[in-house]
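Taking it in order: structure first as structure tokens, then the write-up.
Every heavy atom of this structure was used, including side-chain atoms; hydrogens, water molecules and symmetry mates were not. These numbers come from a predicted model, not from an experiment.
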Amino acid sequence: MLLLNGKQVLELYSPADAYQVVAEVMRRYSGGGVVQPVRTVLGYANDASLFASMPCHVTGEVDSGYGLKAVLHVPNNVERGLASHVGAILVFHPDTGIPLALIDAAAVTALRTAAASAVATDALARPEAGDLALLGTGTQARSHLVAINRIRTLRRIRVWNRTPAHAEQFRAWASSQVEVDVELMPTPAAALRDADLVCTTLGCSDPVVTAADISPGCHVNAVGSSVPGKRELDSEAVASCSIFVDSREAAMRESSEISMPIVEQLIPSDRSFPEIGEVLLGLHPGRTGRDERTLYKSLGMAAQDVASGFALVRAAQRQGVGAEIDIFG
């Protein structure tokens with residue numbers, strides 16, 4: 001079995017690679033080529049941590065087979081100088097079923113989540129969009145800046161974070177990644193003013209984005225709130241947008257940003273939310289008007305992790321990277 005750590009993942013799997021893999025697996029998912037139950041999430045009453053298990057099977061000529069991701073969200077790890085999300089992706093040999101590789105999940109998650117937002121942005125945002133607002137300055141904010149910068153020419157970048165010191169650190173890092181100066185803003189509303197691209201990466205419980213904050217024609221990637229009870233956009237903001245999802249089933253069961261506007265009767269309970277894969281397959285037109293606000297509600301899919309795992313195995317074998325162990329020896 002091949003072992004790949006986070007550093008090796010970043011060496012082997014570029015944002016461009018992740019974009020191609022994620023776009024293809026989103027097509028396969030919406031086209032019926034993925035078997036994937038909604039993830040199982042466990043919590044412990046006396047602990048803020050959450051454990052999630054996500055198995056799936058991906059069909060296709062490449063990057064296909066059985067696999068799963070097991071990840072633990074440990075908020076207190078930030079104070080320890082460690083990643084808040086820790087876990088592993090396990091993929092199995094398509095023919096023999098023998099465990100093929102065990103891969104650091106945090107690095108893959110950062111890349112594939114941002115890649116999915118880039119795919120959604122490419123499919124839904126106006127072609128000339130380039131005024132980016134980022135809420136949050138953590139790992140996902142960094143990976144999203146890199147991913148969005150690949151597919152759109154950024155003219156302006158504005159960032160808000162609750163902790164000014166973290167925002168300053170982000171700005172210093174961003175200077176080595178993009179040629180546009182990063183402006184630090186005092187409020188979420190200030191960051192979003194006149195933006196035509198927005199990425200929210202906060203994972204907060206109390207929404208910070210209102211309908212008045214979102215400009216006409218804007219595209220929003222709502223990324224940070226991936227479990228029930230978390231919301232970055234309030235109900236009016238969500239209802240003001242044309243909503244797209246990665247998985248309809250997961251969105252209806254896991255996203256409070258989707259469920260709360262329905263409970264509050266701002267969105268009809270029988271509304272069907274198109275998947276990004278359906279837009280890519282030509283089954284849905286995507287954006288239909290210049291001033292239309294579009295929202296991609298990202299929850300992440302096991303299929304994105306597993307397909308990425310198989311792609312990493314191919315790259316590692318080609319380049320001779322990673323450690324091999326015989327767990328049956």
Side-chain angles (χ1 to χ4, degrees), residues 14-31 111-136 140-160 174 177-183 185 188 190-201 209 211-223 232-233 237-246 273-298 304:
S14 70
D17 296 331
Y19 181 103
Q20 295 299 325
V21 171
V22 168
E24 175 58 26
V25 83
M26 292 174 95
R27 292 188 192 96
R28 293 185 201 176
Y29 179 83
S30 294
L111 282 164
R112 65 84 164 149
T113 305
S117 293
V119 171
T121 300
D122 233 357
L124 299 174
R126 297 190 303 205
E128 75 280 9
D131 190 327
L132 174 65
L134 275 170
L135 302 188
Q140 283 297 345
R142 295 186 180 209
S143 62
H144 273 73
L145 177 59
V146 173
I148 300 301
N149 187 54
R150 278 194 62 254
I151 59 158
R152 288 294 189 274
T153 300
L154 298 181
R155 300 181 300 273
R156 188 175 185 183
I157 302 168
R158 284 170 292 174
V159 173
W160 174 80
Q177 303 294 318
V178 295
E179 297 180 356
V180 182
D181 290 337
V182 171
E183 303 173 50
M185 308 306 291
L192 269 66
R193 187 172 299 120
D194 297 325
D196 48 25
L197 296 172
V198 174
C199 297
T200 63
T201 67
V209 178
D213 298 330
I214 305 175
S215 299
C218 183
H219 171 69
V220 180
N221 298 302
V223 178
E232 297 171 310
L233 281 70
V238 173
S240 74
C241 298
S242 297
I243 304 165
F244 298 80
V245 298
D246 41 25
F273 303 103
E275 295 170 346
I276 296 299
E278 292 172 335
V279 178
L280 300 180
L281 290 169
L283 302 176
H284 190 280
R287 173 182 291 273
T288 57
R290 178 170 177 78
D291 288 339
E292 179 182 9
R293 298 169 172 177
T294 55
L295 167 66
Y296 166 53
K297 178 54 213 166
S298 170
Q304 296 169 350

Query raised in the report: Taking side chain as C-beta onward, heavy atoms only, is Ile157 less than 4.5 Å from Asp181?
Result: no

Query raised in the report: Roughly how far apart are Arg156 CZ and Asp194 CG, rounded to 0.5 Å?
Result: 7.5 Å

Query raised in the report: Between Arg126 and His219, does a side chain to side chain contact (heavy atoms under 4.5 Å, CB included) hold up when you go through it step by step?
Result: CA-CA 8 Å; Arg126 297 190 303 205; His219 171 69; over 6 Å; no

Query raised in the report: Are side-chain heavy atoms of Leu295 and Ser242 found at a separation under 4.5 Å?
Result: no

Query raised in the report: Looking only at side chains, do Thr200 and Glu232 share a donor and an acceptor under 3.5 Å apart?
Result: yes

Report task. Provide the closest heavy-atom pair for Val182 versus Ala174 in the form atom of the first, atom of the second, distance. Result -> CG2-CB, 3.6 Å

Report task. I would like to know whether Asp122 and Tyr19 meet side chain to side chain contact (heavy atoms under 4.5 Å, CB included); could you show each step before the answer? Result -> CA-CA 10 Å; Asp122 233 357; Tyr19 181 103; 2.7 Å; yes

Requested in this report: Would you sort out whether Asn221 and Ser298 count as a side chain to side chain contact (heavy atoms under 4.5 Å, CB included), showing the intermediate values?
Outcome: CA-CA 7 Å; Asn221 298 302; Ser298 170; over 6 Å; no

Requested in this report: State, to 0.1 Å, how close Ala114 and Ser143 come at their nearest heavy-atom pair, and which atoms those are.
Outcome: CB-O, 3.4 Å

Query raised in the report: Between CD of Gln140 and CG of Leu111, what distance do you get to the nearest 0.5 Å?
Result: 9.0 Å

**Report entry** Pairwise side-chain contact, Val238 with Lys297, heavy-atom cut-off 4.5 Å (strictly under)
**Finding:** no

Query raised in the report: Can you name the nearest heavy-atom pair linking Leu124 to Arg287, along with the distance?
Result: O-NE, 2.6 Å

Query raised in the report: At what distance, to the nearest 0.5 angstrom, does OG1 of Thr201 lie from CG of Leu134?
Result: 6.5 Å

**Report entry** Flag side-chain contact, heavy atom, 4.5 Å: Leu132 against Cys199
**Finding:** yes

Report summary line: All heavy atoms of Ala23 vs all of Val119, minimum pair found to be CB-CG2, 3.8 Å

Query raised in the report: Is any side-chain heavy atom of Arg142 closer than 4.5 Å to a side-chain heavy atom of Val146?
Result: no

Query raised in the report: Under a 4.5 Å cut-off applied to non-hydrogen side-chain atoms, are Asp246 and Tyr296 in contact?
Result: yes

Report summary line: Nearest heavy-atom approach of Gly136 to Ala141 is O-CB, 3.2 Å

Query raised in the report: Does some side-chain heavy atom of Leu135 sit less than 4.5 Å from a side-chain heavy atom of Val209?
Result: yes

Requested in this report: Take Leu197 and Leu154 through the test side chain to side chain contact (heavy atoms under 4.5 Å, CB included) and record every step on the way to the result.
Outcome: CA-CA 9 Å; Leu197 296 172; Leu154 298 181; 4.2 Å; yes

Query raised in the report: Do Ile214 and Cys241 touch side chain to side chain, with heavy atoms closer than 4.5 Å?
Result: yes

Requested in this report: Please report the closest heavy-atom contact between Ala237 and Ala211, naming both atoms and the distance.
Outcome: CB-N, 3.5 Å

Report summary line: Per side-chain hydrogen bond (donor to acceptor under 3.5 Å, both in side chains), Asp131 is matched among Arg155, Arg152, Arg158, Arg193 by Arg158

Query - Set of ring-ring contact (aromatic ring centres under 6.0 Å, His included) partners for Phe244, sequence neighbours left out - result: His284

Query raised in the report: Quick one: do Glu275 and Arg27 make a salt bridge, cutoff under 4.0 Å?
Result: no

